[in-house]
Number of protein chains: 2
Amino acid sequence: MLSKKAKYGLKALIYLAKESEERPLPVSQIAESQKISVKFLEAILNDLRTGGILKSKKGKMGGYQLNVKASEIKMSDIMRLLDGPIALLPCVSLNFYDTCEECLDENNCSIRKVALQVRDATLEILGAATLEELVKNEK
Amino acid sequence: MLSKKAKYGLKALIYLAKESEERPLPVSQIAESQKISVKFLEAILNDLRTGGILKSKKGKMGGYQLNVKASEIKMSDIMRLLDGPIALLPCVSLNFYDTCEECLDENNCSIRKVALQVRDATLEILGAATLEELVKNEK
DNA sequence: TTTAATCCTATAAATCTTATAGGAGTTAAA
DNA sequence: TTTAACTCCTATAAGATTTATAGGATTAAA
């Protein structure tokens with residue numbers, strides 16, 4: 001399940017992609033429009049900045065805006081930054097690979113093989129779902 | 001990510017499907033073979049029994065065994081029983097449907113549309129991954 | 001009657017999620 | 001040059017979930 005953090009982040013990014021052409025938008029405005037706690041959203045947008053998806057401008061008239069084109073931001077990128085791994089198992093994660101501590105034989109694990117298929121299918125869909133697409137599909 | 005509970009449950013079921021023809025196996029034996037805490041596994045197998053996947057025999061010489069054929073137990077069934085919803089959002093869950101509390105307009109949510117695609121793709125794979133298949137693919 | 005099981009309830013440690021609070025630093029505008 | 005409106009950083013904490021552990025009631029075979 002997506003965490004609230006990820007959902008809030010996604011909604012905020014969709015709002016940003018829709019509303020902002022050039023000027024940055026303050027957290028307070030985004031939070032109000034999406035009914036999100038300002039302080040919580042502040043932390044989320046900061047994570048997205050650290051992750052390279054947003055850029056910020058400090059001080060009065062400052063705020064956040066996209067750091068790259070909406071067509072280049074994948075839903076999988078956003079989810080990874082805010083929720084961590086997408087895969088069902090660490091041993092099939094592309095970006096957060098780790099062994100399963102309780103695994104007795106990784107090369108020969110049938111659960112792993114299924115998790116690999118799920119990962120590939122999921123990433124294909126989440127990769128096609130760019131922020132641009134998400135905005136388009138929001139009527 | 002799969003929880004340890006789900007991983008343990010899956011491993012235990014694979015072991016049960018492989019080892020047991022007719023007689024039930026005690027939790028202690030399964031736990032030892034898979035290096036799982038006996039008490040924890042006890043709770044897990046009980047959940048699987050309540051969910052209809054396992055049946056149990058009490059008392060001496062008792063234990064757990066499959067309640068239905070391995071070919072009829074899907075990985076998605078097991079995951080639902082032990083970890084709950086498979087979908088990314090409650091609003092696209094088949095078995096645990098609920099509205100997203102923070103959602104302002106469900107019918108018009110582009111995140112939801114993607115989550116729906118992911119759900120369908122995931123369930124297709126997890127549905128094809130029956131316990132029988134999992135056992136086969138364990139070399 | 002003993003032994004080996006499941007099954008049930010309670011408790012708890014650890015970790016993760018979802019925040020809240022306060023203030024330091026930065027910048028535009030008055 | 002002061003004020004107002006921002007981001008950014010750290011700390012704290014409540015609540016939920018995960019991952020167990022403990023003890024004993026109940027059941028059934030030997």
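Both Asp83(B) and Met61(B) sit near DNA chain D, but only Asp83(B) has its closest nucleotide nearer the 5' end. Positionally, the nearest nucleotide of DNA chain C for Ser3(A) lies more toward the 5' end than for the other of Glu42(A) and Ser3(A). Annotation: of the two residues near DNA chain D, Tyr64(A) and Gly59(B), the 5′-most nearest-nucleotide partner is Tyr64(A).
Ion pair Lys69(B)/Glu132(B) not flagged as a salt bridge, since none of the NZ, NE, NH1 or NH2 atoms sits closer than 4.0 Å to an Asp/Glu carboxylate oxygen.
Test Leu134(A), Asn137(A), Leu10(A) against Val114(B) for side chain to side chain contact (heavy atoms under 4.5 Å, CB included) and you get one pass: Leu134(A).
The CZ atom of Phe96(B) sits 13 Å away from the P atom of dT17(D) (whole-angstrom rounding). Phe40(A) places its CZ atom 14 Å from the C1' atom of dA13(D), with the value rounded to the nearest Å. Distance, Leu45(A) CG to dC8(D) P: 9 Å, rounded to whole Å. Put simply, CG on Asn46(B) is 16 Å from C1' on dA20(D), counting in whole angstrom units. The nearest whole Å value for the distance from the CG atom in Asp47(A) to the C1' atom in dC8(D) is 12 Å. Rounded to a whole Å, the NZ atom of Lys57(A) is 14 Å from the P atom of dT26(C). Between Leu41(B) atom CG and dA5(C) atom P there is a gap of 14 Å when expressed in whole angstrom units. Put simply, NZ on Lys55(A) is 17 Å from C1' on dC6(D), counting in whole angstrom units.
Phosphate contact (OP1/OP2 of dC7(C), side-chain N/O of Ser56(B), threshold under 4.0 Å): present. Within the 4.0 Å cut-off from OP1 or OP2 of dT19(D), not a single side-chain nitrogen or oxygen of Ser37(B) is found. Phosphate contact (OP1/OP2 of dA19(C), side-chain N/O of Tyr8(A), threshold under 4.0 Å): present. Distances shown here put a side-chain N or O of Lys4(B) below 4.0 Å from the OP1 or OP2 atom of dA20(D). Under 4.0 angstrom from either OP1 or OP2 of dC8(D) there lies at least one side-chain N or O belonging to Arg49(A). One finds no side-chain N or O of Lys58(B) lying less than 4.0 angstrom from the OP1 or OP2 phosphate oxygen of dA29(D).
Distance from the side chain of Lys5(A) is smallest for dT18(C) among the nucleotides dA30(D), dT18(C), dA28(C).
For Lys39(A) and dG23(C), a side-chain-to-base donor-acceptor distance below 3.5 Å is present, hydrogens and geometry of angles not being considered.
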**Request:** Could you give me the CA-CA distance, side-chain angles and deciding distance for Thr122(B) and Arg119(B), then say whether side-chain contact (heavy atoms from CB on, under 4.5 Å) is met?
**Result:** CA-CA 5 Å; Thr122(B) 302; Arg119(B) 183 203 71 184; 5.8 Å; no
**Request:** Check the pair Gln65(A) / Lys55(A) against side-chain contact (heavy atoms from CB on, under 4.5 Å), numbers first and verdict last.
**Result:** CA-CA 6 Å; Gln65(A) 62 190 133; Lys55(A) 65 186 168 191; 3.8 Å; yes
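Nearest heavy-atom pair, Tyr64(A) versus Leu16(A), reported as atom, atom and distance to 0.1 Å: O-CD2, 3.3 Å.
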